[in-house]
Every structure is written in structure tokens, then in C-alpha cells.
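Each residue takes its place number in the sequence, starting with 1. Please read these numbers as outputs of a predicted model, since none were measured by experiment.
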Amino acid sequence: MSGRRSRQSSEGGTSRISDDQIIQLVSKLQQLLPEIRNRRSNKASASKVLQETCNYIRNLHKEVDDLSDRLSQLLSTVDADSPEAAIVRSLII
């Protein structure tokens with residue numbers, strides 16, 4: 001199991017992540033996830049936290065893509081020199 005927890009450092013050597021560090025990182029992830037954070041029970045396995053993290057990131061990517069599509073549609077309906085287009089451009093730059 002410790003082999004899975006080692007990673008290559010920039011010098012080519014190996015640095016290990018301790019069990020305590022993994023527990024802290026999983027706990028930080030858990031605090032960031034609305035799905036787990038809003039539960040009454042604050043207990044979740046590390047694998048559940050990692051699964052929920054992946055799902056949450058996938059959902060965020062989908063939301064960004066959807067918003068990007070909506071923005072493209074909005075920009076295609078307004079005159080490029082209009083004040084509305086300038087406002088939209090100022091929001092995305």
C-alpha cells in the first residue's frame with residue numbers, strides 16, 4: 001500500500017505522503033463538497049469522498065460548458081458594437 005502513496009519528486013527521488021496527510025487532504029476535500037458537507041453525518045469513507053470529488057468536478061465542467069454555450073448564443077444575438085456586447089465582453093475578460 002505504501003507503494004501507491006509514494007510519488008516522484010522533481011529531483012527524481014521519492015517523497016512519501018503519510019497517512020495523516022492523506023486523512024487531512026480527504027478531510028479538506030470533504031469540506032469542499034456540498035453533497036457530503038450538507039449531510040447530517042460528517043462521516044464518509046475516503047473512497048466515497050474521492051468518488052464525490054470526481055462527480056463534482058465533472059458536474060462543474062458540464063456547468064462551465066453549458067454556460068459557455070449560453071454565452072456564445074447570447075453573443076451571437078447582439079450587435080458586436082452594442083453596449084450589451086461590451087458588457088458581456090467585460091465580464092469574460
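- Separating the OG atom in S45 from the CD atom in E52 is a distance of 9.5 Å, to the nearest 0.5 Å.
- Expressed to the nearest 0.5 Å, how far CG of D69 lies from CG of L74 amounts to 12.5 Å.
- For V78 against E84, the heavy-atom pair with the smallest separation is CG1-CB, 4.5 Å.
- V64 and L33 sit in two unconnected hydrophobic clusters of ILVMFWY residues. Membership requires side-chain heavy atoms under 4.5 Å apart, directly or through other members.
- Between R16 and Q21, the closest heavy-atom pair is O-OE1, 3.9 Å.
- Separating the OG1 atom in T53 from the CD atom in Q51 is a distance of 10.0 Å, to the nearest 0.5 Å.
- Taking each heavy atom of A80 and A85 in turn, the nearest pair found is O-CB, 3.6 Å.
- Side-chain atoms of S68 do not come within 3.5 Å of backbone N or O of D65 as any donor-acceptor pair.
- The hydrophobic clustering, which links ILVMFWY residues whose side-chain heavy atoms are closer than 4.5 Å, places Y56 and L67 apart.
- With salt bridges taken as basic N to acidic carboxylate O contacts below 4.0 Å, one links D66 and K62.
- When all heavy atoms of I22 and I17 are compared, the closest pair comes out as CG1-CG2, 3.6 Å.
- In this structure, I36 CD1 and L29 CG are separated by 8.5 Å, a value rounded to the nearest 0.5 Å.
- In the hydrophobic clustering of this structure, I57 does not group with L32; members are Ile, Leu, Val, Met, Phe, Trp, Tyr whose side-chain heavy atoms approach within less than 4.5 Å, directly or through other members.
- At distances below 3.5 Å, not a single donor-acceptor pair connects side-chain atoms of S27 with backbone N or O atoms of I23.
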